[in-house]
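To keep things clear, I will list the structure first and then write my remarks on it.
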2 protein chains.
Amino acid sequence: MSPPNPRRTNEQEARPSRGIPEATVARLPVYLRALTALADRGIATASSEELARAAGVNSAKLRKDLSYLGSYGTRGVGYDVEYLRYQIAREIGLTQDWPVVIVGIGNLGHALANYSGFVSRGFGIVGLLDADPARVGEQVGDHEIQAYGELERVVSEYGVAIGVISTPATAAQEVCDRMVAAGITSVLNFAPVVLSVPAGVDVRKVDLSTELQILAYHEQRKALAGPGTGPLSQVDGIPVERSPLVP
Amino acid sequence: MSPPNPRRTNEQEARPSRGIPEATVARLPVYLRALTALADRGIATASSEELARAAGVNSAKLRKDLSYLGSYGTRGVGYDVEYLRYQIAREIGLTQDWPVVIVGIGNLGHALANYSGFVSRGFGIVGLLDADPARVGEQVGDHEIQAYGELERVVSEYGVAIGVISTPATAAQEVCDRMVAAGITSVLNFAPVVLSVPAGVDVRKVDLSTELQILAYHEQRKALAGPGTGPLSQVDGIPVERSPLVP
DNA sequence: TAGATTGTTAATCGATTAACAATC
DNA sequence: TAGATTGTTAATCGATTAACAATC
């Protein structure tokens with residue numbers, strides 16, 4: 001079972017680079033942000049307990065998550081904030097910059113284009129595209145809205161791998177198809193439709209009304225339990241005094 | 001174990017109304033949307049297979065999910081689209097309207113305020129609030145931006161249970177605290193910070209850069225595997241031909 | 001009745017958590 | 001060395017999936 005040489009083969013074991021669980025991947029950006037916040041406050045070292053508090057998870061989960069990346073902590077001491085920050089950024093792939101194109105520059109597209117976290121977090125907008133000729137040429141932040149027809153050119157010129165869809169629902173599938181045909185393999189979809197894509201293309205969806213509906217479900221449960229009914233089984237706490245639901 | 005009367009006690013078993021798994025709750029809005037789309041196309045009945053395809057899940061999962069709500073299908077036939085749609089809406093709590101307040105009316109707040117899916121899906125904006133006096137009075141959609149100081153009045157006047165935070169990160173925790181103090185028990189947070197709330201308050205977070213980072217991680221994995229390397233273990237498919245990542 | 005499809009069971013898989021040996 | 005804290009193990013919990021008996 002064990003290799004002839006008992007020394008650990010760091011290249012294989014310390015950086016698995018494969019097989020990080022999805023749930024862990026989804027938390028890495030949260031840890032990254034927590035580390036950046038600690039660094040900004042001038043904190044050089046943090047224990048898993050402190051880091052977990054900043055990230056809003058429990059420390060066992062955090063240590064387990066970090067163990068998939070390698071052994072970047074020091075027993076008895078904690079984690080070097082700057083070093084761990086770099087390791088997570090590298091694992092996610094943020095040591096390079098990702099060119100991103102946004103299609104559909106309505107209200108939401110404007111908000112996305114002006115979102116400062118975009119540039120600061122390893123992403124760069126290389127194109128804002130809209131199908132409405134009346135919008136083409138409009139200046140949004142540092143960019144000028146281009147015609148939707150420019151999609152293929154922008155994708156190939158900048159080597160875009162990630163596309164953002166903030167069009168109306170009716171246009172989203174067509175835009176997605178064309179993004180994929182142009183070479184995009186990751187799509188962030190804000191339109192309220194289920195996109196169908198070929199194997200090998202990743203889609204993530206952000207949906208305001210889904211989020212609100214999930215909250216509404218829990219809110220209704222709280223109301224059914226009634227004020228003062230005691231702890232709820234599902235939600236992690238007791239109902240607090242609330243105002244009536246509908247005026 | 002079984003009650004004296006073998007007849008099923010529908011009130012308890014057909015409508016558990018308690019203990020629906022979180023993962024199922026998160027999919028109910030997706031099913032609701034799929035059913036609405038089917039209804040719009042004039043389809044009156046759908047099998048679990050058809051419905052699952054429209055929702056982008058597999059049919060076993062869909063049937064399992066629906067079984068938590070009750071037995072709303074007909075064996076050998078399928079589900080009545082309109083009936084199931086109503087049952088899911090009722091389960092989520094969308095047979096009533098939820099008054100929502102939005103704090104922070106920058107680019108994103110404007111987008112949210114103008115989002116049509118808001119009203120059509122059981123939610124109603126009852127207040128748009130901003131701390132910047134220069135913005136107060138501005139008309140956004142059907143509403144006029146009000147002073148942040150109006151928060152308590154709006155919450156109590158309309159019985160607001162759900163608050164949306166679209167402020168800068170620095171303001172989010174303060175806004176959240178004040179929302180909770182005013183009686184809000186569900187918060188949808190768009191600011192890139194981990195909010196801390198007392199037990200009994202639900203928080204959901206929507207975070208653009210987190211979503212992009214998750215995509216970047218998978219994108220990097222595809223690049224590491226290399227074009228033509230064959231199926232990836234984690235991602236559900238084979239890498240397709242891609243453009244270079246960085247120009 | 002024969003065919004179709006649900007609702008449920010049971011097996012499997014993945015995620016979370018507590019506990020603690022390893023080790024700084 | 002004594003104290004602190006990581007990295008890992010193992011137990012538990014929850015979610016997914018295939019398969020099929022129930023039943024329209």
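- B:Ala37 meets the side-chain contact (heavy atoms from CB on, under 4.5 Å) test with no other residue; sequence neighbours excluded.
- Listed in residue order, the members of residues 23-50 of chain B having a heavy atom less than 4.0 Å from DNA chain C are B:Ser47, B:Ser48.
- Distance B:Leu51 CG to C:dG7 P: 12 Å, rounded to the nearest Å.
- A heavy atom closer than 4.0 Å to some atom of DNA chain D occurs in A:Gly78, A:Tyr79, these being the qualifying members of residues 78-86 of chain A.
- With sequence neighbours excluded, no residue forms a side-chain hydrogen bond (donor to acceptor under 3.5 Å, both in side chains) with B:Asn189.
- With the 3.5 Å cutoff on both pairing distances, Watson-Crick and G-U pairs in DNA chain D assemble into runs of at least 3 at C:3-24 with D:3-24.
- Of the two residues contacting DNA chain C, namely B:Arg75 and A:Arg75, the nearest-nucleotide position lying further toward the 5' end is that of B:Arg75.
- The salt bridge (charged side-chain N to carboxylate O under 4.0 Å, His left out) pairs that include a residue from residues 33-61 of chain A are A:Arg33-B:Asp207, where partners are two or more places apart or lie in different chains.
- Under the salt bridge (charged side-chain N to carboxylate O under 4.0 Å, His left out) criterion, the residue pairs touching residues 71-84 of chain B are B:Glu82-B:Arg85, with sequence neighbours excluded.
- Across residues 53-65 of chain A, A:Arg63, A:Lys64 each have a non-hydrogen atom less than 4.0 Å from an atom of DNA chain D (numbered order).
- Scored by the side-chain contact (heavy atoms from CB on, under 4.5 Å) test, B:Thr95 finds B:Tyr86, B:Arg90 as partners (sequence neighbours excluded).
- For B:Asp177, the side-chain hydrogen bond (donor to acceptor under 3.5 Å, both in side chains) test picks out B:Gln173, with sequence neighbours left out.
- Rounded to an integer number of Å, the gap from CG of B:Leu66 to P of D:dT16 is 14 Å.
- Using modelled atom types, no side-chain atom of A:Thr45 and backbone atom of A:Gly78 make a donor-acceptor pair closer than 3.5 Å.
- Using a distance-only test at 3.5 Å, with no hydrogens or angles considered, no donor-acceptor pair links the side chain of A:Trp98 to the main chain of B:Glu219.
- Residues meeting the side-chain contact (heavy atoms from CB on, under 4.5 Å) test with B:Ala111, sequence neighbours left out: A:Asn107, A:Leu108.
- Panel note: side chain B:Gln220, backbone A:Glu91; a donor-acceptor pair is recorded below 3.5 Å.
- Legend: residues meeting side-chain contact (heavy atoms from CB on, under 4.5 Å) with B:Ala169, ordered by chain and number and at least two apart, are B:Pro192, B:Val193.
- One can place CD1 of A:Ile20 at 15 Å from P of C:dG14, the figure rounded to the nearest angstrom.
- Residues B:Tyr79 and B:Tyr72 place their aromatic rings such that the two centres sit no closer than 6.0 Å.
- Panel note: side chain B:Lys222, backbone A:Gly200; a donor-acceptor pair is recorded below 3.5 Å.
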